[in-house]
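Here is the structure we will look at.
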Amino acid sequence: MPVVRVLRRVACWMLQSPACGCRAPVLPSRFLGTSPRQIPTDANFHSTSFSEADQQRVLITGGLGQLGVGLASFLRKRFGKDNVILSDIRKPPEHVFLSGPFIYSDILDYKNLREIVVNNRITWLFHYSALLSAVGEANVSLARAVNITGLHNVLDVAAEHGLRLFVPSTIGAFGPTSPRNPTPDLCIQRPRTIYGVSKVHAELMGEYYYYRYGLDFRCLRYPGIISADSQPGGGTTDYAVQIFHEAVKNGRFECNLKPDTRLPMMYIDDCLRATLEVMEAPAESLSMRTYNISAMSFTPEELAQEVLKHVPELQVTYSVDPVRQAIADSWPMNFDDSNARKDWGWRHNFDLPELVTTMLNFHGPESRVAQAN
């Protein structure tokens, strides 16, 4: 393979020689074996027109988590059912399997991931595979593998094949030394969980790949996300989902955070819409690669009081989990998302009253909530 050997020698010479502004960057060396493509520093990314949007081929990793199934349904309405592929390492429920394309994908298997992208002509990749905050603290080595090694595989595949890549970040990317009320887009980030550390790593690596290799990387820092049709997944903000399940099931809820713990939150419909909007935003409108987004901010006590307006017999007690409480105390109380609102027109639709009404109505006429009402 003389061509490959020449390319490797050229790559080594370019990486070892002094940096200058006139040289095009090269892709990581493991790309050179089969794809000696180079991306110039002035790569011309452009917004997705309607004719192009109809041709997007989308892959969602970690698709059986809290957001993946909802995102797949949302994107299929935009791009067509067969153009959005959901993937995970777990067996999907029947209704998910029948709702559209689903495949096995292990992000720790680079070859498998690459084959999926090539065989399905993927153009957009949404990378949702991750262990959340509390679960990650219980298994740091697994969180490190999934959240960091898996990310590296995704970045390399996306750069090699010119994908537009979305990786969600989180309020967990901040720490106790970050300004908390409000927290701006750019400030000190020293998280104290493996989940938070891995998200800061993802933000910085994505930005590095954007400047170094021309990768069209886009990222949103999600607040706590609340959805009615999914079970809590081990996150610190999951109390705000669990309260509705418990209110419907038995009329009692035990919260694992202090009643005055304030955190930014968002209803899932706003979250999914924001994700698509930032992906479709013209590249020239983006002043940064990672944005805060938010909708509302409340405490467990404020949420409980709003739920009690609909379910007055609900009993709420508190049994504080010191691990989750320590995590929550290091996170932002309010997000400053003014840059997202200015750059690409972000606007939320759901505040706390609308959130609670929507969540309770979701469970339908057979629920305990409906009987109480």
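Residue indices begin at 1 and follow the sequence shown. Quick note: numbers below take in every heavy atom, side chains included, and nothing from hydrogens, waters or symmetry partners.
Using a cutoff of 4.0 Å between basic side-chain nitrogens and carboxylate oxygens, K199 and E203 are not scored as salt-bridged. Between D269 and R273 there is no salt bridge, since no side-chain N of the basic residue sits under 4.0 Å from a carboxylate O of the acidic one. Using a cut-off of 4.0 Å between Lys/Arg side-chain N and Asp/Glu carboxylate O, K258 and E301 are scored as not salt-bridged. Looking at R114 and D109, no side-chain N of the basic residue comes within less than 4.0 Å of a carboxylate O on the acidic one, giving no salt bridge.
Between Y267 and F350, the two ring planes are tilted [angle within 30° to 60°]. Ring geometry for F126 versus Y128: interplanar angle under 30°, hence parallel rather than tilted (30 to 60°). Between H201 and H152, the two ring planes are tilted [angle within 30° to 60°]. A perpendicular orientation is assigned to the rings of Y239 and F298, their planes being inclined by more than 60° (bins at 30° and 60°).
A donor-acceptor pair under 3.5 Å is absent between the side-chain atoms of S73 and the main chain of G70, judged by distance alone. Of the possible donor and acceptor atoms, one in the side chain of D88 sits under 3.5 Å from a partner among the backbone N and O of L64. Side chain of E254 to backbone of V316: no donor-acceptor contact under 3.5 angstrom is found.
Under the salt bridge (charged side-chain N to carboxylate O under 4.0 Å, His left out) criterion, E354 pairs with no residue at all, not counting sequence neighbours. Evaluation of the salt bridge (charged side-chain N to carboxylate O under 4.0 Å, His left out) rule for D329 yields no partner, not counting sequence neighbours.
Between atom NE2 of residue H127 and atom CG of residue N147 there is a gap of 7.5 Å, rounded to the nearest 0.5 Å.
Aromatic ring centres of W124 and F79 lie closer together than 6.0 Å.
Y210 carries R289 over the face of its six-membered ring, with the cationic atom under 6.0 Å from the centre and within 45° of the normal.
Shown are N292, I293, D270; of these, the side chain to side chain contact (heavy atoms under 4.5 Å, CB included) with P223 is made only by I293.
A side-chain donor-acceptor contact under 3.5 Å links T261 and Q325. Residues S297 and N334 bring a donor and an acceptor atom of their side chains to less than 3.5 Å of each other. With hydrogens and angles left out, the side-chain atoms of D343 and Y291 include a donor and acceptor closer than 3.5 Å. Using modelled atom types, one finds no donor on one side chain facing an acceptor on the other under 3.5 Å when comparing H161 with R121.
E207 has its side chain out of reach of T290: every pair of non-hydrogen atoms, C-beta onward, lies at least 4.5 Å apart.
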